[in-house]
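Heads up: numbering here begins at 1 and tracks the sequence. Ligands are counted one by one from 1 in listed order, and the atoms in each one are counted from 1 as well.
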Amino acid sequence: MKLLGTMKINNVGHLEISGCDTVALAQKFGTPLYVMDESKIRSTCRQYVEAFRKYYPNSEVIYASKVFSTMAMCRLIAEEDMGLDVVSGGELFTALKSEFPADRVYFHGNNKSPEELEMALEAQVGRVVVDNFYELSLLNELAKQHKTKAKILLRVSPGIDAHTHHYIKTGMIDSKFGLAIANGQAMLAIEKALSMKNIELKGLHCHIGSQIFDLKSYQEAAETMMGFVHKVKTSTGFVAQELNLGGGLGIYYSEDDAPRPVEEMVVTITETVKAAAANYGLPLPKIIVEPGRSIAGEAGVTLYTVGSIKDIPDVRKYVAVDGGMTDNIRPALYQAKYEAAVANKMNNPAEETVSIAGKCCESGDMLIWDVELPRVEAGDTLVISSTGAYNYSMSSNYNRNVKPAVVFVNDGNADLVVKRETYNDLIRNDVVPERMQDKKAYLA
Ligand code: LLP
């Protein structure tokens with residue numbers, strides 16, 4: 001397992017993150033446990049914010065909270081002077097409860113409900129990123145009822161085919177997100193928005209996909225978007241003041257991945273926009289980016305306790321841990337690859353090739369196929385790296401497993417930011433209808 005961020009091996013041979021011994025964390029907080037390196041999250045936030053300040057001050061970096069949304073994380077993002085992208089009433093609620101400044105919230109989603117849009121209007125979120133014609137009309141109507149003008153960006157699909165997994169590509173014409181430039185629907189929506197009394201169109205948004213390593217995709221997206229800004233100006237007179245180019249920068253999960261530095265991405269985007277603005281004679285728009293995975297992904301690890309070990313001679317050795325697809329669905333859903341280590345045996349040499357199985361009743365519940373580890377025994381603390389993005393947020397209670405706790409580590413301190421669920425949490429919303437409450441019916 002590659003040591004990322006502040007990870008190191010301490011003098012008792014344990015994995016340490018931001019000054020905290022992970023084996024001690026597992027003992028203190030139990031397993032499975034998500035451990036997030038707060039110092040690394042903050043330093044990546046600062047890389048984004050500082051690079052934009054340096055190359056393009058008229059900009060805003062917003063964190064895509066779908067990656068990992070908790071109240072402590074919203075606080076952290078507010079402290080780092082960033083904005084927040086939310087995609088549901090639940091993420092908006094989390095942000096508001098953490099007292100995140102509503103005017104720095106961008107509300108996304110391809111099917112926001114009337115209730116969610118009302119919630120956004122009441123909270124006076126900064127921008128609603130409108131995805132489709134239905135939402136545009138609905139928002140105009142709701143804003144009228146609220147006697148306000150909704151400030152919006154329009155999500156358009158630039159037709160860029162980013163080289164990433166099919167499930168996480170979003171910028172093509174055949175996509176459930178946004179309105180395509182190529183078929184004229186984006187232009188039509190702009191004309192419609194401009195004609196609406198309770199809509200104030202501020203600019204455009206696109207997002208081409210996730211886990212992107214090829215910065216050319218960003219260059220193409222920025223060029224296409226600026227070309228479209230020009231076309232819109234020519235045809236309607238409207239000049240987009242804001243250009244949100246989405247998130248997507250890739251991170252390190254395994255040796256297959258070669259992430260690009262944040263600053264390079266910022267330079268690519270800002271240089272492309274500047275050149276295009278000069279070329280078309282357009283004023284420089286405010287640039288917004290909304291990274292998620294690159295902020296939280298490498299900062300997180302998951303700690304597990306090893307339980308049963310099944311050696312099938314000449315076939316495979318399965319090492320089962322006390323979590324699995326409930327806390328990390330990504331291997332099952334996207335064939336995602338991860339690296340692992342034995343946190344209490346970091347100095348022991350690799351001795352065997354094993355596969356890491358989860359505890360769900362599902363053959364596909366495998367976290368890693370074929371990883372080389374020191375000899376593993378029941379009770380060891382297994383660590384999987386780069387689990388900070390889309391793990392906790394995609395976790396489930398399948399098989400009625402409880403969701404793990406989350407701790408932030410920072411310079412030797414470990415703070416609980418999400419408590420481990422209890423069995424009582426699992427049945428909290430269960431209702432037994434009165435007609436079933438008579439025990440005699442089945443005891444008879
Ligand atoms: N903005 C929009 C409009 C998005 O749809 C996304 C991610 C982001 C920003 C943040 O992208 P990031 O910087 O994290 O790549 N569950 C999948 C990823 C789904 C991506 C959804 N959209 C996974 O686990 O790989």
Which donor-acceptor pairs under 3.5 Å do the side chains of residues 120-129 make with protein atoms, sequence neighbours left out?
residue	atom	partner	partner atom	Å
Arg127	NE	Glu242	OE1	2.9
Arg127	NE	Glu242	OE2	3.4
Arg127	NH2	Glu242	OE2	2.7

Discussion item. Looking only at distances, can you tell me whether any N or O atom of Pro291, backbone or side chain, sits closer than 3.5 Å to an N or O atom of ligand 1?
Written reply: no
Item to complete: Could you tell me whether Glu38 and Arg42 have a side-chain N and a carboxylate O separated by less than 4.0 Å?
Response: yes
Contact region, Ser210 to ligand 1, non-hydrogen atoms below 4.0 Å, reads both
Salt bridge or not for Arg400 and Asp430, using N-O below 4.0 Å? yes
Ion pair check, Lys359 and Asp322, cut-off under 4.0 Å = no
Filtering His108, His207, Arg293 for the heavy atom nearest atom 11 (O) of ligand 1 leaves His207
Here the atoms of ligand 1 under 4.0 Å from any heavy atom belonging to Gly292 are 12 (P), 13 (O), 14 (O)
Q | ligand 1 to Arg155 polar contact by distance, N or O atoms, under 3.5 Å | A | no
- prompt: With the threshold set at 4.0 Å, does a side-chain nitrogen-carboxylate oxygen contact exist between Glu263 and Lys54?
  reply: yes
Please report whether ligand 1 has a polar contact with His205, defined as an N or O pair separated by less than 3.5 Å (distance criterion only). no
(message) I want to know if ligand 1 touches Ser294 in the polar sense, i.e. an N/O pair below 3.5 angstrom.
(response) no
Quick note on ligand 1: atoms under 4.0 Å from a heavy atom of Met394 include exactly 16 (N), 24 (O)
Q) Would you say ligand 1 has an N or O under 3.5 Å from any N or O of Gly248? A) yes
Output yes when Lys286 and Glu60 qualify as a salt bridge under the 4.0 Å nitrogen-oxygen rule, no when they do not.
yes
The atoms of ligand 1 lying under 4.0 Å from a heavy atom of Gly247, numbered in the order shown, are 9 (C), 13 (O)
For Asp85, the ligand 1 atoms with a heavy-atom partner under 4.0 Å come out as 1 (N), 9 (C)
Those residues at least two apart in sequence (or on a different chain) that pass ring pair (Phe, Tyr, Trp, His ring centres under 6.0 Å) with Phe68 are Tyr392
Is the closest basic N to carboxylate O distance between Glu200 and Lys202 below 4.0 Å?
yes
Does NZ or CZ of Lys112 fall inside the cone over Phe107's six-membered ring, less than 6.0 Å from its centre and within 45° of the axis?
yes
Original post:
So, is Tyr334 polar-close to ligand 1, with some N/O to N/O distance under 3.5 Å?
Top reply: yes
Taking only non-hydrogen atoms of Val67 and a 4.0 Å limit, the atoms of ligand 1 in range are 14 (O)
